[in-house]
*Asks:* 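Okay, handing you the structure first.
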Amino acid sequence: MRPILELFPEELPGEGFRKAQIAHWLYAKGALEFSEMTDLPKALREALGREWRLSEFALVEAYPSRDGSVKYLFTLLDGQRTEAVYMPYENRKTVCLSSMVGCPAGCAFCATGAMGFGRNLTAAEILSQLLAIAHHQGLSPREIRNVVLMGMGEPLLNLGNVLKAVRIMLHKKALAMSPRRITLSTVGIPKGIYRLAEEDLGVRLALSLHAPDDETRKRIIPTAHRYPIAEILEAVRHYYAKTKRRVTLEYTLLKGMNDDPWQARLLAKLLKGLSAHVNLIPFNPWEGAPVEGTPRAGILAFAEELRRLGVPTSIRWSRGQDVGAACGQLALKVPKPLLTPLPEGAGR
Ligand code: SF4
């Protein structure tokens, strides 16, 4: 059986308006089975069931956090596992999706990086995360209006599959999302950033910089030696010039590594002329982490220094820490008592 989520609405099986009907069942109603698609002829439903599959998961487990976010653990059909996070805010529902099993970037503060690289996810596996979360939350998939590709993996090293999934998210007959509400987060793969600029999908780009100088950055992101900061920022400048989309710079503050005031000043200097917003991320601890987070006072001081120098800066206080769902914590370790398996059939 082939994954039906790999298809654009116009490629779906069936003649004429049947394609739109199937797309509606998939993306507006979040159907779990072809048998639910009751306005399709029985013969077509049966044929769909024989040739296509609706889900990419053998098992879906949900781990609710005290703050309302939920970490999801997906067992893929080949037995590998990946994760996603649902974050309900007052006026928006956001999902953080993975693009890989594990990650090859190996960032020092990230539990996923410590796992190493498993494999790339397909477009269907990326979309399936969103559909499974919507189902578990009792929502139409179209009610999820914000997607960040900040879960496991480096999206720009799996760009073919990521772009396909994003195009289906944007498609008017699929999830009909606004490109401004989709963010791709990268450690800085210049080739991928140039390609993204050429594709001009209007999505947002977040660059995980984490240090203003190459020496420090290499200690935090071991693969950073391949791409000097100057080369990455040149690609980011090109992305901004081409798309007019302001880029967000992510900066995880680590004690004694990248949190000194001189580093804030160097960062501000580096960002001159680049319309960027800095998002400071407090380190979210995990067992065996080789680094320590900057204390709260240091985080506030670093933010203040950047703002004083005219850099728009915010601090992202994390959600879902108690279930290992916060930034940098995704690594398939979850506290047992909070386990809430999905209802029958939800794993599809
Ligand atoms: S922070 Fe992102 S890029 Fe770095 S290791 Fe973790 S998942 Fe990979």
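Along the sequence shown, the residues carry numbers beginning at 1.
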*Asks:* Listing request: all side-chain hydrogen bond (donor to acceptor under 3.5 Å, both in side chains) pairs with a residue in residues 35-48, at least two apart in sequence or in separate chains.
*Replies:* Gln21-Asp39, Trp25-Asp39, Lys42-Glu46
*Asks:* Does anything in residues 246-257 pair up under salt bridge (charged side-chain N to carboxylate O under 4.0 Å, His left out), and if so which pairs, sequence neighbours excluded?
*Replies:* Glu250-Arg316, Lys255-Glu292
*Asks:* Any chance you could measure Arg265, atom CZ, to Leu267, atom CG, to the nearest 0.5 Å?
*Replies:*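 Here the rounded value is 12.0 Å.
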*Asks:* Can you give me every donor-acceptor pair (side chain of residues 271-280, partner residue at least two apart or in another chain, under 3.5 Å) with its distance?
*Replies:*
{"from": "His277", "atom 1": "NE2", "to": "Ser314", "atom 2": "OG", "distance (Å)": "3.3"}
{"from": "Asn279", "atom 1": "OD1", "to": "Ser314", "atom 2": "OG", "distance (Å)": "3.4"}

*Asks:* Taking the side chain as every heavy atom from C-beta outward, state whether Thr294 and Phe302 have any atom pair closer than 4.5 Å.
*Replies:* no
*Asks:* To the nearest 0.5 angstrom, please state how far the OG atom of Ser208 sits from the CD1 atom of Ile221.
*Replies:*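 Those atoms lie 6.5 Å apart.
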*Asks:* Please name all residues satisfying salt bridge (Lys or Arg N to Asp or Glu O under 4.0 Å) with Glu15, sequence neighbours left out, ordered by chain then number.
*Replies:*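 For Glu15, no residue satisfies salt bridge (Lys or Arg N to Asp or Glu O under 4.0 Å) once neighbours in sequence are set aside.
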*Asks:* By the salt bridge (charged side-chain N to carboxylate O under 4.0 Å, His left out) test, which pairs, at least two apart or in different chains, include something from residues 125-139?
*Replies:* Arg119-Glu125
*Asks:* Sort and list the pairs that fulfil salt bridge (charged side-chain N to carboxylate O under 4.0 Å, His left out) and have at least one residue in residues 225-234, not counting sequence neighbours.
*Replies:*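 Sorted pair list comes back empty.
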*Asks:* Using the test side-chain contact (heavy atoms from CB on, under 4.5 Å), find all partners of Ala105 that sit at least two apart in sequence or belong to another chain.
*Replies:*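 Partners of Ala105 by the side-chain contact (heavy atoms from CB on, under 4.5 Å) criterion, ordered by chain and then number, come out as Cys103, Cys107, Val187, Thr223.
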*Asks:* Where the side chain of Lys218 meets the backbone of His225, is there a donor-acceptor pair that is under 3.5 Å apart?
*Replies:*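 Checked: no pair found.
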*Asks:* Please identify each residue that fulfils salt bridge (Lys or Arg N to Asp or Glu O under 4.0 Å) with Arg237, with sequence neighbours left out.
*Replies:* none
*Asks:* Taking only residues two or more places apart in sequence, or in another chain, which ones meet Glu51 in a salt bridge (Lys or Arg N to Asp or Glu O under 4.0 Å)?
*Replies:*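 Result, salt bridge (Lys or Arg N to Asp or Glu O under 4.0 Å) vs Glu51: none returned.
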*Asks:* If you look only at distance, which donor and acceptor atoms sit under 3.5 Å apart when one is on a side chain in residues 157-178 and the other is two or more places apart or in another chain?
*Replies:*
{"from": "Asn158", "atom 1": "OD1", "to": "Asn161", "atom 2": "ND2", "distance (Å)": "2.9"}
{"from": "Asn158", "atom 1": "ND2", "to": "Ser99", "atom 2": "O", "distance (Å)": "2.9"}
{"from": "Asn158", "atom 1": "ND2", "to": "Leu121", "atom 2": "O", "distance (Å)": "3.0"}
{"from": "Asn161", "atom 1": "ND2", "to": "Leu121", "atom 2": "O", "distance (Å)": "3.2"}
{"from": "Lys164", "atom 1": "NZ", "to": "Glu6", "atom 2": "O", "distance (Å)": "2.9"}
{"from": "Lys164", "atom 1": "NZ", "to": "Glu6", "atom 2": "OE1", "distance (Å)": "3.4"}
{"from": "Arg167", "atom 1": "NH2", "to": "Glu199", "atom 2": "OE1", "distance (Å)": "2.4"}
{"from": "His171", "atom 1": "ND1", "to": "Lys173", "atom 2": "N", "distance (Å)": "3.0"}
{"from": "His171", "atom 1": "NE2", "to": "Glu10", "atom 2": "OE1", "distance (Å)": "2.8"}
{"from": "Ser178", "atom 1": "OG", "to": "Arg180", "atom 2": "N", "distance (Å)": "3.2"}

*Asks:* Once side-chain contact (heavy atoms from CB on, under 4.5 Å) is applied, do any residues pair with Lys191, and if so which ones, sequence neighbours excluded?
*Replies:* none
*Asks:* Quick one: are the ring centres of Phe109 and Phe283 less than 6.0 Å apart?
*Replies:* no
*Asks:* What distance do Ile189 atom CD1 and Glu154 atom CD have between them, rounded to the nearest 0.5 Å?
*Replies:*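 Between Ile189 CD1 and Glu154 CD, I get 4.5 Å after rounding to 0.5 Å.
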*Asks:* Should side-chain heavy atoms under 4.5 Å link Ile, Leu, Val, Met, Phe, Trp and Tyr, which residues sit in the same cluster as Leu266?
*Replies:*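 Noted: Leu266 shares its cluster with Trp262.
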*Asks:* Could you grab the distance from atom CG of Leu131 to atom OG of Ser140, nearest 0.5 Å is fine?
*Replies:*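 If we round to the nearest 0.5 Å, Leu131:CG and Ser140:OG are 9.5 Å apart.
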*Asks:* CZ/Arg307 to CG/Leu300 distance, rounded to the nearest 0.5 angstrom?
*Replies:*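 The distance works out to 8.0 Å.
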